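Comments concern the structure below.
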Amino acid sequence: MVHVYNCHPFASQQIVQVEQEPGLFCCGGGALFVVATGGCKVDAYNLEQEGCPLICRFGTMGTVKSIQHSKIGDYLVTIEEKNSSTYLRAYTNWRYQAEEKARVGVRLLGHLLRGASVRGGAQMEIIEIPLSERPIAVACCSVTGDLLVGCENTLILFTLRRQNQQSLQNQCQQNLQGSWSNSQQSASQSQGHQSSSSHNLSVLDFERSVILHITKMTPKQVALCGGYLAVQAELEVLVLKLDASSEPTSLDESSDTSKDDYLEDQADLLLIPRQQELLGDQARNCDISVTIEKTGLEDKGQYTLSYVLFRRFTPEFFQGCSVEETQLHSLQLYPLFTSNQSVSTEEPACLFCFFSLPNAGYLYSLKSGVELLSAYQYPERVQEAVLSDHLLHVITKNALQCFTVRCAAVAARTEDPYIDTTMKACPPNSLQVCALRMQLFIGLRSVCVYGRHVVLLSTVDTEPREEAERSTQRRSLGRRWTISSPKETSPAGNGWNLYVVDTVSPLTLYKEMVEYSRQYAETNPQAQSLQHLLSEAHLLLRAALLQTPGQQQNDDGTSSLQEDAYRQDEGQTAVQTHRQQLEEALRQNCAQLGDCFSRASQKVCHLALPYYRMSGLSVTEVIVRNRPLPSSPHSYGLGFLFYLKHYLLEETEQKLSQESADEVIDIFSRSSPSELLSVCASPSMINVSPARTLRILQHLEDTAGVSVPLTIAMATMVQRLNDLPQYTQLMERHAEMLLVYGFIEEPRLLLHGGGGAPRTHVHPTALSRQLAKSQPGLLVAGMVALHENNKVQLEQADHIFKELGCENCLQVDFWEAMLMASSQETVIQELLFRLASVYIDRLVGTNSESGSSFPCTSQRRRSLKSTDDLINSCSHYGALYPWLIVLCPAHTTSCQHQEELYKLQSLLCGPSLSIGSVQPLLERLSEGTLWGFSLHLLCTTRRGQYDISIEKLLDRCPQAIIAYANHHLQDKNMGLWWQKLLPELCDRTRAAGENSILLAALKETLVVVATETSPAQFLELIPDDGTASYFLPHLLTCTQRHLLA
Amino acid sequence: MTTKTSLLKVILLGDGGVGKSSIMNRYVTNKFDAHLFHTIGVEFLNKDLEVDGHQVTLQIWDTAGQERFRSLRTPFYRGSDCCLLTFSVDDNQSFLNLGNWKKEFIYYADVKEPEKFPFVILGNKLDVTERQVSIEEVQQWCQENGNYPYYETSAKDATNVAVAFEEAVRRVLAMDERTDHLIPTDTVKLHRKPRSAGTCCS
């Protein structure tokens, strides 16, 4: 089914004052070129001025059989006949033929010599392009100005060459031969892109670059665009891509082999060709082979060929159309540049191929995957079709019809691959196309399009008069159909007319569609038609926006000098304003699409979100738009709730006013009470009225039952009401552990902004602040739980504590608690280091006189976890070594830093802390005090430097040496007893004399050594000057033990 | 009301400086410029006229007479309906070269029946007092070569210019009438690039 909206895309019509019956015509460069039937003259009319005045008239060299205009280079190319010969010619500088009696230069392709044509500076020139075969069809590339010629069995590509007058004259003077330098050439080429009407006239020529031989297909029409070639025969279309490359072409061989099987297969089944659609690489399986012939003119470039699309139709009978009439027509390659492309330098991001049968048209997208974009089912036999920037225009015998196209949807997706997300949206490429208008005309023959001008040729000689009158009447009923002078039928009473029908601007058409959509919205807002119409309007605006200022300039680049100057002066601001208008319209349209989808079905309602987002409307505005009428029975749409929920989940900075927030609460309590809790927790809802919300939450609890997060949410409201007793009562309803689960379920009760994503700013909630004061343990437990459940990052949690102003107290508690809970190695190492630094800081701080290095000092309270708690519950905190207690008993240190000292010692005794990383920090602590010494000794020990440790310990605190040795000198270090400790003790006792501590230690050591060594070894160890009686008992023990073993 | 106009291609050949461009300008724009540039390559002008009730568009092709422009002009002989061989009455050499011009034309225009092709001979610069070529000489040459009509013209004084072109048109139309009742049997002529054309731009 084809939608037909009775819009008014056509604004006005003019009749071109043509003297003789037009045979052929074409448009380009702001001009309409008309060739009288069988004539040898071209009349050029200005399409951009009221009344389409004649620009100039010039003679051709033969009877024109086909005519095309190239935007790039502003030249015309014709196929002409004279004395039964067929010629291909290009007409350049035709604008200088303002007076018909000016001489016209003629030269052969490639014979751009000594400025033959530049003598007068501005002379029309004809380039004769010799061909070995009769040309059948020509096409110009709208991007490069290159020329493609289709002959019986070949396609020939001519590259456009430009040379500006300056360089040509230089060349002339110096009598230089050969071709000009590449740099000059490219410079002039790019200049030509900017504006061909610049004063620095460039001279055109063509270079035969590629010849393609094509079998089993006789071209009827050809098309060319940016390296893509399309050929259309009676019932076949083939699209090829030609790439310049340095690699030799190998495609032909490979395609031949792959083709063979396929062909055999087909030959068995069918004698007549069957319907075929081969996309992309598949197209090489068609039975048409294409080979490249090297022209030999340019050996710098090789070309490779790839198949892009093949479509074959069978001549089926349809709608009163005979088999003979069923032929393809209107082949077109249509490029589209996205707005982030610069037109002159890049190849178009999107390319489309259109062709048509009498009953159906086909539009393919060729880039980023070849696909059929739309198929157009015509209501009646179509004679010609042409794709314009916004619409597809087709003519039947008695009507000009215009259809919508999906090119802008493809371009939008090419431009922005993230378009189909919750942030952005665009109607789908597959959105069904529709007809916007069927405008009656009489006896239409052919059509062409330039920008917003549709040119039509009608001949009425075969039509009965009555019918003509009737259709005239009908036409005058059209609302906006204004007929401009001159009168419709020219005074001479011609049987033919050449009309220029102007289409309205996309913005105007958009407004009309919006007007229509209002009617739909009033009658049936759920209707598909409303959605479809708004989507059509959306794509129309997108298409208009794609016609960026740069592109528009390029489009009109070939128009007169006068207009050029005008454009430079005023055009820029006008273009800017126009763009702003379009963007504003697009926002409005998005808002309407948002409205539309907010009431849509489950399947598509999620689209409300991206469209509302693109509309730039605030939540409050969206809420207002979705407010049901008091009388209306229906509630809020699914899409609207989806939008609202997403918005509230997304932690935007935008805070709703109390009024809006209360309304949101109402909306959810009415439509989706289960979401209420997460709605309440949203940072956008911060201004919600607490008393009112509390009542609603209480009601929810009454109906849905008690849940922990709900209780916390209620507590939050109560707390905002400053009702501390009720707050406490609510918080005490659940065990602390359950409350923690509650926070995991709804993290936003504690913090706003995180959402688990790294590197986003988070803030504590009012509840967090309250907890920091009243239940710090719960806050820390909650934060640890959130971290362990990936709801918050470590840095974010740090930030929270910083904001709460408890950097040095609760935050440290949090780190300690994290160490107990976390199993992530990197986090653990980070925390160990942080904690070690904090402990050291504190120790240094209390040690020094200033003592003000922690901000929390004044309000310091005890840590949540004592050293014992940590040692008992956290594997990273080790039990204190026994010798530490001997070294620095509790009473020797001030109670102020006792806890930190123990924790640091415990960390150093634990298995996880990396000594290397904390060593530099320890430098800050003096070894002067015993506790300071203990820390350094722990480090040395942990590094395995027992020799040094033993020496130091004997120096500072020999009474701890045996405890130390017992703890550390074991297993592989056992040898140190007799290798280090024993000699050390012997030396020291000898030096110190009667030192009971040392002697006791020596005695203990000998006991160990005697146990661990053989009698022979033991004998060796006894110092030569030692008293035998002192060592003898130990030797005895040693020997006895040895004997037993 | 739309009568089909026929396009006739008439080509002016002859030595450089005999006044081909001046003849064309005189005929089409009715102006004369004593200091015209050399023609480089090929140029043409159209003129609509009625001859004996026939509406025709005369496409007059002006060529460069200098030898060095040979390769630029010869590709465009093809398709001519009439050839105006021009010399200057004050330059005997230009008269003697007529035969070469005729040969060049017949060769490059690929004329099927050269003896039937309509040539018209123009002796220009009638206004100059020192003549080098006598009428008799020319008439004899015309007689011997195929009974060509001969006109003595002066582009400067506008003598005989229009008459000569009208005669050319008449000759062509007479040819057409003879061939009109013949069944057109010849197939499409392929327009081949002459061999010399490829190397001429140096």
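As a basis for the values below, the full set of heavy atoms in this structure was taken, side chains included, without hydrogen atoms, waters or symmetry mates. Because the structure is predicted, anything quoted here is derived from the model rather than measured. Throughout, protein chains are lettered first and strands after them, A, B, ... in sequence-line order, and every chain is numbered starting at 1.
Residue A:Leu108 comes nearest to B:Pro75 through the heavy atom pair CD1-CG, 3.3 Å, listed as atom of the first residue, atom of the second, then distance. Contact detail for A:Cys40 and B:Leu7: the closest heavy-atom pair is SG-CB, 3.5 Å.
Summarising the local packing, CD of B:Glu115 is surrounded by more than 12 heavy atoms from other residues, nucleotides or ligands at distances under 6.0 Å.
B:Gln59 places a side-chain N or O within 3.5 Å of a backbone atom of A:Thr60 that can act as its donor or acceptor partner.
Proximity to chain A among residues 25-32 of chain B is limited to B:Asn25, B:Val28, B:Thr29, judged by heavy-atom separations below 4.5 angstrom. Inspection of non-hydrogen atoms places B:Ser21 of residues 10-21 of chain B under 4.5 Å from chain A. Using non-hydrogen atoms only and a strict 4.5 Å limit, no part of residues 140-168 of chain B faces chain A.
A distance of 10.0 Å separates CD1 of B:Ile60 from CZ of A:Arg103, quoted to the nearest 0.5 Å. Note that the CD atom of A:Glu125 and the CD atom of B:Glu43 stand 9.0 Å from one another [nearest 0.5 Å]. One finds the CD atom of A:Glu128 at 9.5 Å from the CZ atom of B:Arg78 (value rounded to the nearest 0.5 Å). The line from CG of B:Asp48 to NZ of A:Lys41 is 3.5 Å long, rounded to the nearest 0.5 Å. Interatomic distance, CG of B:Asn46 versus CE of A:Met61, reported as 10.0 Å (0.5 Å rounding).
Residues passing the side chain to side chain donor-acceptor pair (under 3.5 Å) test with B:Glu50: none are found, sequence neighbours excluded.
Of the two parts of B:Phe76, only the side chain, counted from C-beta on, holds a non-hydrogen atom closer than 4.5 Å to a non-hydrogen atom of chain A. For chain B, no part of A:Leu88 is nearby; none of its heavy atoms comes within less than 4.5 Å. Proximity to chain A is limited to the backbone of B:Ser80, based on heavy atoms less than 4.5 angstrom apart.
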